[in-house]
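Lettering of chains follows the sequences in order, A, B, ..., and the numbering in each one begins at 1.
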There are 2 protein chains.
Amino acid sequence: MMHVEHVQAQKLFSIGDLAEEHSISPRTIRFYEDQGLIAPSRIGGARIYTARDRARLKLILRGKRLGFSLADIKELLDLYDTDRSQVTQLQATLKKGRQRIADLEQQLRDLTVTLEELREIEGDVLHLLGSKGTTDKN
Amino acid sequence: MMHVEHVQAQKLFSIGDLAEEHSISPRTIRFYEDQGLIAPSRIGGARIYTARDRARLKLILRGKRLGFSLADIKELLDLYDTDRSQVTQLQATLKKGRQRIADLEQQLRDLTVTLEELREIEGDVLHLLGSKGTTDKN
DNA sequence: AAGGTAGTTGACGTATACGTAATCCGCTCT
DNA sequence: AGAGCGGATTACGTATACGTCAACTACCTT
């Protein structure tokens, strides 16, 4: 942690903090910044991350776990950031958001089917191992 | 379709058939074969795909939609192909299968959360658009 | 026989997502 | 003062997943 704990309560993080917390490299975080996914403020040259920046990073990583490209994730983040006063913007957001929802619903179906199949295999394998005299709980 | 419809009932496919059906290029299918994900038989030099090969391709593409790498997908396919007579193999399959299940369950949680957030945004946007006098069903 | 269509194997090119130095501050600690 | 640490930029390297020719073959169709 940065040496600011008792200075302010606003919880700030260094790039190293976030890297370690999420088991990624600082290089990765800088790359995300290069791609416009996150924009920390600076103190001198050093990047300084607020709790909001950290939440954004978590969103990025969740997107990655879902198999999104960084470009996809950028669009996703833009949905959260939409200017709520511009009707045209809102309409674009709605359209993109609905497309993303449809994609995720497809992914949900794929996921469900795959999980079912894997669980079936697990059952089969357990049954086979049992009938072969193995008593293994591993 | 290949010109075999009335010759036999076993449904065979050319690489072009499968490519078109799944909106991918023949090059992609050949690449999957290079990576050991699929192994069609040959007639002369030409690849010939059975219904089983086609099902395998569908599994590959489903894996891709879930964001798996081709290496991951190969392991997944290996789970289906496990030799049911080798206890050691079965135990390895069980272990890998359970790991995969755990990963997918994490993905399921990520997916659920993301869907919830997007639907909430959709609701917000709809409400905002409504209060701004727009009556749009698009 | 000639042309068109679909397939084959290389081989090289490319976008994405970082890894890996190399080199250079700025700060703290002894 | 000097060493060490964390962070910065710049630049080149790399694995994955194909795209894109090129050059050739086999099979119809006209």
Does D:dT9 have OP1 or OP2 under 4.0 Å away from a side-chain N or O of A:Arg42?
yes

Which comes earlier along DNA chain D counting from the 5' end, the contact point of A:Gly45 or that of B:Leu70, where each point is its nearest nucleotide?
A:Gly45

Under 4.0 Å between a Lys/Arg side-chain N and an Asp/Glu carboxylate O for A:Arg109 and A:Glu116?
no

Would one find a side-chain N or O of A:Thr28 under 4.0 angstrom from OP1 or OP2 of C:dA17?
no

Should stems be defined as at least three consecutive Watson-Crick or G-U pairs with both distances under 3.5 angstrom, which of them involve DNA chain C?
C:1-30 with D:1-30

Please report the distance, rounded to the nearest Å, between CZ in A:Arg30 and C1' in C:dG19.
12 Å

Per atom distances to the B:Arg27 side chain, the nearest of C:dA11, D:dA17, C:dG7 is C:dA11

For B:Phe31 and D:dT20, give me the distance from atom CZ to atom C1', rounded to whole Å.
15 Å

In whole angstrom, give the distance that lies between atom CG of A:Leu61 and atom C1' of C:dC18.
13 Å

Taking the side chain as C-beta and beyond, is there a heavy-atom pair between B:Thr50 and B:Phe13 under 4.5 Å?
no

As a quick check of understanding, evaluate side-chain contact (heavy atoms from CB on, under 4.5 Å) for B:Arg30 and B:Tyr32, giving each step before the final call.
CA-CA 5 Å; B:Arg30 286 190 204 105; B:Tyr32 294 162; over 6 Å; no

For the pair made of CG in A:Asp72 and C1' in C:dA15, what is the distance, rounded to whole Å?
14 Å

Ignoring hydrogens and angles, tell me if any N or O in the side chain of B:Gln107 forms a donor-acceptor pair with the backbone of B:Leu66 under 3.5 Å.
yes

Euclidean distance, atom NZ of residue B:Lys74 to atom P of D:dA15 [Å, nearest integer]:
19 Å

Taking only N and O in the side chain of A:Arg47, is any of them less than 4.0 Å away from OP1 or OP2 of D:dG7?
no

Residue A:Ser14, side-chain atoms from C-beta onward, closest of D:dA17, C:dT8, D:dG7
D:dG7

In whole angstroms, how far is the C1' atom of C:dC25 from the CD1 atom of A:Ile43?
16 Å

What's the closest nucleotide to the B:Ile15 side chain, out of C:dA17, C:dT8, C:dC18?
C:dT8

For a quick test of reading the model: is some side-chain N or O of B:Tyr32 closer than 4.0 Å to OP1 or OP2 of D:dC18?
yes

Between B:Arg54 and B:Lys11, does a side-chain contact (heavy atoms from CB on, under 4.5 Å) hold up when you go through it step by step?
CA-CA 10 Å; B:Arg54 178 165 164 271; B:Lys11 287 168 198 162; over 6 Å; no

Nearest whole Å is fine: how far is D:dT16 C1' from B:Gln35 CD?
9 Å

So, is A:Lys64 close to the C:dC18 phosphate, meaning a side-chain N or O under 4.0 Å from OP1 or OP2?
yes

OP1 or OP2 of D:dC18 under 4.0 Å from side-chain N/O of B:Ser25:
no

B:Phe13 CZ to C:dG7 C1', straight-line distance once rounded to whole Å:
18 Å

